[in-house]
Amino acid sequence: MNETSAVLVTGGAGYIGSHVAWALHDAGRRAVVLDDLSAGRRELAPADAPFVEGDAGDIGLVARLARDHGCGAVMHFAGSIVVSESVAKPELYFRNNTAVTGRLVEACLEAGIERFVYSSTAAVYGQPESVPIGEDTPLRPINPYGRSKLMSEWMLADAAAAHRFECVSLRYFNVAGADGRGRTGQVSPAATHLIKIACEAALGRRDGVEIYGEDYDTPDGTCIRDYVHVTDLADAHLAALKHLEGGGGSLTLNCGYGKGASVRQVLAEVEDAAGRPLAVSGAPRRPGDAVSLVADAARIRDVLGWRPGNDDLATIVSSALEWERRLQGAQPAAAEA
Ligand code: UDP
């Protein structure tokens with residue numbers, strides 16, 4: 001299979017998956033979207049991409065889709081992503097993230113798909129002793145979410161060692177922002193991520209923002225994260241696909257900028273973009289939060305030649321705010337779904 005083959009995008013109607021489906025579309029590649037619509041929305045994916053509502057762990061369905069559409073690669077985004085939920089319902093995460101990925105690998109082997117790009121996470125590192133975090137940092141996830149994703153990475157690596165099958169796993173840091181052309185963005189009804197919450201507050205959709213912990217050992221006392229624009233992340237997936245198609249072989253790469261921003265810095269940026277102050281209050285630390293997660297981002301730049309074009313917080317925040325404005329202007333049902 002080569003560049004004329006289609007790419008099966010699981011979770012392609014979700015936040016990151018839909019951005020990647022659009023990036024494939026923009027690059028003139030054929031995407032086939034498989035999504036169970038538990039969190040995604042059909043209209044977030046490109047209208048010209050074949051869409052199938054279904055389970056990424058349905059081996060028969062995936063193998064049939066892959067054959068019918070001539071898929072040469074899978075990009076796997078379908079899964080569950082809320083850390084606190086993973087602590088309360090670990091079995092859900094081991095099913096939706098780990099077991100589904102295992103079945104998807106079986107489907108790939110059955111259908112002869114040899115290329116796989118996996119949506120992994122910095123949560124596989126847990127609470128590293130030092131930053132920036134290189135890919136060789138010990139893997140000590142501190143919650144079921146991180147473990148469910150790390151197990152998937154291992155399954156994919158084992159499959160790659162045993163079969164004609166290659167995988168790039170991308171470990172995402174904090175993904176935020178939205179498509180610059182307003183075609184897709186985050187729609188989760190109960191947001192948990194800082195930038196979305198702050199943008200909702202800036203638009204009056206919530207009363208304010210709580211800072212989870214102001215007594216951390218950081219310059220302003222709040223946690224530090226490496227925020228990555230979702231458009232740059234989508235580009236990294238296309239670069240990973242090209243790498244595999246060029247015979248580059250399996251890899252595991254961090255996807256971050258190597259720049260940290262504190263919670264307070266993020267909130268100041270949102271205030272700047274919105275042109276109004278936020279009602280900010282202090283709150284206890286959130287269980288399971290690491291103090292500082294910043295990528296050592298050298299490898300992805302070296303190996304994939306990734307050159308992010310949106311790597312500053314102001315750009316990320318203004319695109320997130322712009323998307324929230326669009327949601328607000330949309331039908332009430334759409335804005336709330
Ligand atoms: N955070 C916060 N208030 C919120 C949401 C998040 O103070 O309403 C903090 C959170 O404690 C963490 C950072 O913002 O330090 C990023 O959290 P988020 O949930 O966006 O991403 P995570 O790093 O947990 O994947």
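Everything quoted here is computed from the prediction, not taken from an experiment. Atoms within each ligand, like the ligands themselves, are counted from 1 in listed order.
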Could you list which atoms of ligand 1 come closer than 4.0 Å to a heavy atom of Cys223?
-> 15 (O)

How far is atom 9 (C) of ligand 1 from its nearest protein heavy atom, and which residue and atom is that?
-> Val263 CG2, 3.8 Å

Pull out every atom of ligand 1 sitting under 4.0 Å from any heavy atom of His193, numbered as shown with elements.
-> 18 (P), 19 (O), 20 (O), 21 (O)

Pair Glu85-Tyr145, side chain to side chain donor-acceptor pair (under 3.5 Å): steps then yes or no = CA-CA 9 Å; Glu85 185 185 47; Tyr145 169 64; over 6 Å; no

Closest to atom 24 (O) of ligand 1 among protein heavy atoms sits Arg286 NH2, 2.7 Å

Which heavy atom of the protein is the closest neighbour of atom 11 (O) of ligand 1, given with residue, atom name and distance?
-> Asp289 OD2, 2.5 Å

Interatomic distance, Ser38 atom OG to Asn96 atom CG [nearest 0.5 angstrom] | 7.5 Å

Provide the number and element of each atom of ligand 1 under 4.0 Å from a heavy atom of Ile211.
-> 7 (O)

For atom 7 (O) of ligand 1, what's the nearest protein heavy atom and its distance?
-> Tyr212 N, 2.9 Å

Please check if atom CZ in Arg307 has more than 12 non-hydrogen atoms from other residues, nucleotides or ligands closer than 6.0 Å.
-> yes

Going by atom types only, do Ser119 and Tyr172 share a side-chain donor-acceptor pair under 3.5 Å?
-> yes

Rounding to 0.5 Å, atoms CD (Gln265) and OG1 (Thr218) come to a distance of 9.0 Å

Does Val124 offer a backbone N or O that forms a donor-acceptor pair with the side chain of Lys149 under 3.5 Å?
-> no

Which of the atoms of ligand 1 are close to Thr192, meaning less than 4.0 Å from one of its heavy atoms?
-> 5 (C), 19 (O)

Cationic tip of Arg115 above Phe165 ring, under 6.0 Å, 45° of axis = no

Mind telling me whether Tyr15 and His19 have parallel, tilted or perpendicular rings, with 30° and 60° as the class edges?
-> perpendicular

Atom 23 (O) of ligand 1 sits nearest the protein heavy atom Arg225 NE, 2.7 Å

Tell me which protein heavy atom sits closest to atom 22 (P) of ligand 1, plus the residue, atom name and distance to 0.1 Å.
-> Asn174 ND2, 3.5 Å

For Tyr227, is at least one N or O under 3.5 Å away from an N or O on ligand 1?
-> no

Using a strict cut-off of 4.0 Å, indicate which atoms of ligand 1 neighbour a heavy atom of Glu210.
-> 2 (C), 3 (N), 4 (C), 7 (O), 8 (O)

Phe77-His237 aromatic ring centre distance below 6.0 Å = yes

For ligand 1, indicate whether the residue Leu194 contacts it via side chain, backbone, both or neither (heavy-atom separation under 4.0 Å).
-> both

